[in-house]
*Asks:* 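Okay, here's the structure, questions in a sec.
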Amino acid sequence: MYDISGFGYDIRDVVRVLNLTIRRKNARSYDVDCPFCNHKTGKLNINIEKNVFRCNYCDAHGGMLDLYSKLYNVTKTEANQQIREALHLGQYRDDYQRPVKQERDLEPPAPVNSERASDVEIDQTYSQMLSMLTLSRKHQEDLQKRGLTPEQIAVQRYRSVPLFGIKKLVERLEDKGCTIKGVPGFYQCEDGAWSIHFTAKNSGILIPILSMEGQMQGFQIRLDFATDSRKYIWLSSANYQMGVSSGSPVHVIGNLDAETMYVTEGALKGTIAHYLSGDTFLCAPGVNQYRSLHPVLEGLSKRNLKLVYEAYDMDKKMRVNCNGNHKKCGECLEAGVHDYCPFKVKKREIIQNGCKKLYEGCRSLSLPVQRMIWDMDEKGEWCGRIKGIDDFYYVTRRNAVKQ
């Protein structure tokens, strides 16, 4: 908890001073565009209750004064003074680039969230829901093209996001005695009835996220149509009345008593890699979402785990030369940069920082960790052909069959 007593403002005011774009909000937090890495999909989470922030992409984090001081490269004392001036709590400055609008009182009240249901209740509700859903032929074919067999697809219980009959689906779950309140994805409509956050906009493949105990704790959705450059989203209802966040859990697949395990990003990717290799995979929600990964590693370290392989995507070794194919390349040229792309440099730094956090976490548990790399050139950089560990295993198996 960040102590704000005596300041006269909170982190919401800092967000307004910085004029950050809010993508989603609920009673506990905001998701805003990150001013540090310029990610435009609301990756920066503003925790209203604790007055802290963290970007799930670049890992920028801190308290409400850090949000301002780190962005403008000033001390916290200077940040406090400038924020107070901008909020008319002291002498007002007129040299801020973006004016502050005093509109909080005009905003509609944020939705109230539910307390998260128990792991058992969530698993039971999700299991019952999957029994009522199907997998489309197209999604079945897409999964098989990525290397999964029909039997493996059935075992993993992949389903297609339903586009119709949503409320009827929830009513059937209620009739079955399933817990609805507190299960990620479910929320309460204005008329008091319950629904689930399935829309045409998030149509795609439901990817169950399994805990170490084999219980479903959430879903990622492999979108049919990427939005804001995102291929995957969480099934979440945190921005709806009586909804709840997904919590971004880690997906675990394979032998929990194995001495060697692999860490990668994304449940579907890790599951495919598991079936192609037989190895145990811990699938983090994102390369910089290491906090949810640590307790899983800690639990497994108390069993037989002796060695961890970092198997994140190969853009951790991406080339940073400016080849004119980045959407911001015009900005490079205007700045007179020709030999490297600053945007690629930043992206690679962000990914490598996530890898570094994994190494640090493993060291704190006395777990040796090694890096997996593939598709490299003579300079030790990624060639740009085979990105994910699942792709690497798929190509390796295909080549072996040809020989």
*Asks:* Is the number of heavy atoms from other residues, nucleotides or ligands within 6.0 Å of NZ (Lys181) greater than 12?
*Replies:* no
*Asks:* Would you check if the side chain of Asn113 reaches a backbone N or O of Ser245 as a donor-acceptor pair within less than 3.5 Å?
*Replies:* no
*Asks:* Of Ile386, Asp391, Ile389, Ile373, which meets side-chain contact (heavy atoms from CB on, under 4.5 Å) against Met314?
*Replies:* Ile373
*Asks:* If you count the non-hydrogen atoms of other residues, nucleotides and ligands that lie under 6.0 Å from CG in Asn73, is the total more than 12?
*Replies:* no
*Asks:* So Phe53 and Phe36, would you call those rings parallel, tilted or perpendicular, with 30° and 60° as cut-offs?
*Replies:* parallel
*Asks:* Students often mix this up, so state it plainly: with edges at 30° and 60°, are the rings of Tyr393 and Phe281 parallel, tilted or perpendicular?
*Replies:* perpendicular
*Asks:* Quick one: do Arg291 and Asp59 make a salt bridge, cutoff under 4.0 Å?
*Replies:* yes
*Asks:* Between the side chain of Glu265 and the main-chain N/O of Gly286, is any donor-acceptor distance below 3.5 Å?
*Replies:* no
*Asks:* To the nearest 0.5 Å, tell me how far Leu235 CG sits from Ile209 CD1.
*Replies:* 10.5 Å
*Asks:* Nearest 0.5 angstrom please: Gln217 CD to Gln215 CD, how far?
*Replies:* 5.5 Å
*Asks:* Out of curiosity, Cys383 SG to Lys317 NZ, how far, rounded to the nearest 0.5 Å?
*Replies:* 12.5 Å
*Asks:* Tell me the closest heavy-atom pair linking Met64 and Val14, and the distance in Å.
*Replies:* O-CG1, 3.8 Å
*Asks:* Should Arg12 and Asp10 count as an ion pair when the cut-off is N to O under 4.0 Å?
*Replies:* yes
*Asks:* Less than 4.0 Å between a side-chain N and a carboxylate O, is that true for Asp315 and Arg348?
*Replies:* no
*Asks:* Short question: side chain of Asn288, backbone of Tyr57 - any donor-acceptor pair under 3.5 Å?
*Replies:* yes
*Asks:* Please check if any side-chain donor atom of Arg54 sits under 3.5 Å from a side-chain acceptor atom of Asn56, or the reverse.
*Replies:* yes
*Asks:* Does any donor atom in the side chain of Gln128 or Thr125 lie under 3.5 Å from an acceptor atom in the other side chain?
*Replies:* no
*Asks:* Test your reading of the model: is there a side-chain donor-acceptor pair from Ser236 to the backbone of Gly185, 3.5 Å cut-off?
*Replies:* no
*Asks:* Heavy-atom count around Lys306 NZ within 6.0 Å, excluding the residue itself: above 12?
*Replies:* yes
*Asks:* Report yes or no: does His251 contribute a side-chain atom to a donor-acceptor pair with the main-chain N or O of Leu210 at less than 3.5 Å?
*Replies:* yes
*Asks:* Looking at Ile350, is its backbone amide N or carbonyl O close enough to the side chain of Asn353 to form a donor-acceptor pair, meaning the two atoms are under 3.5 Å apart?
*Replies:* no
*Asks:* In chain order, what residues pass the side-chain hydrogen bond (donor to acceptor under 3.5 Å, both in side chains) check against Lys43, with sequence neighbours excluded?
*Replies:* none
*Asks:* For Asn399 and Val395, indicate whether the former's side chain and the latter's backbone hold a donor-acceptor pair under 3.5 Å.
*Replies:* yes
*Asks:* Less than 6.0 angstrom from the centroid, inside 45 degrees of the normal: does Arg16 satisfy that with respect to the ring of Tyr30?
*Replies:* no
*Asks:* With a cut-off of 6.0 Å (strictly less than), are more than 12 heavy atoms of other residues, nucleotides or ligands near NZ of Lys347?
*Replies:* no
*Asks:* If you round to the nearest 0.5 Å, how far is CG of Asn51 from CG of Leu67?
*Replies:* 10.5 Å
*Asks:* At what distance, to the nearest 0.5 angstrom, does CZ of Phe186 lie from CD of Glu174?
*Replies:* 9.0 Å
*Asks:* Got a salt bridge between Asp31 and Arg23, using NZ or NE/NH1/NH2 to carboxylate O under 4.0 Å?
*Replies:* no
*Asks:* Table please: side-chain donor-acceptor pairs of residues 135-148 below 3.5 Å, with sequence neighbours left out.
*Replies:*
{"residue": "Ser136", "atom": "OG", "partner": "His139", "partner atom": "N", "Å": "3.1"}
{"residue": "Ser136", "atom": "OG", "partner": "His139", "partner atom": "ND1", "Å": "3.2"}
{"residue": "Ser136", "atom": "OG", "partner": "Ser160", "partner atom": "OG", "Å": "3.4"}
{"residue": "Lys138", "atom": "NZ", "partner": "Asp142", "partner atom": "OD2", "Å": "2.9"}
{"residue": "His139", "atom": "ND1", "partner": "Ser160", "partner atom": "OG", "Å": "2.6"}
{"residue": "His139", "atom": "NE2", "partner": "Asp224", "partner atom": "OD1", "Å": "2.8"}
{"residue": "Gln140", "atom": "NE2", "partner": "Gln144", "partner atom": "OE1", "Å": "3.1"}
{"residue": "Arg146", "atom": "NH1", "partner": "Tyr232", "partner atom": "OH", "Å": "3.4"}
{"residue": "Arg146", "atom": "NH2", "partner": "Asp390", "partner atom": "OD2", "Å": "2.8"}

*Asks:* Drop me the distance from Ile207's CD1 to Gln156's CD, to the nearest 0.5 angstrom.
*Replies:* 9.0 Å
*Asks:* How are the rings of Phe392 and Trp374 set relative to one another: parallel (under 30°), tilted (30 to 60°) or perpendicular (over 60°)?
*Replies:* parallel
*Asks:* Distance-only, no hydrogens or angles: does the Asn202 side chain make a donor-acceptor pair with backbone N or O of Thr199 under 3.5 Å?
*Replies:* yes
*Asks:* Using only atom types and a distance under 3.5 Å, with no angle test, would you say the side chain of Arg159 pairs donor to acceptor with the backbone of Leu133?
*Replies:* yes
*Asks:* Are the side chain of Thr280 and the backbone of Gly254 linked by a donor-acceptor contact shorter than 3.5 Å?
*Replies:* no
*Asks:* Relative to the ring of Tyr9, is the ring of Phe7 parallel (under 30°), tilted (30 to 60°) or perpendicular (over 60°)?
*Replies:* perpendicular
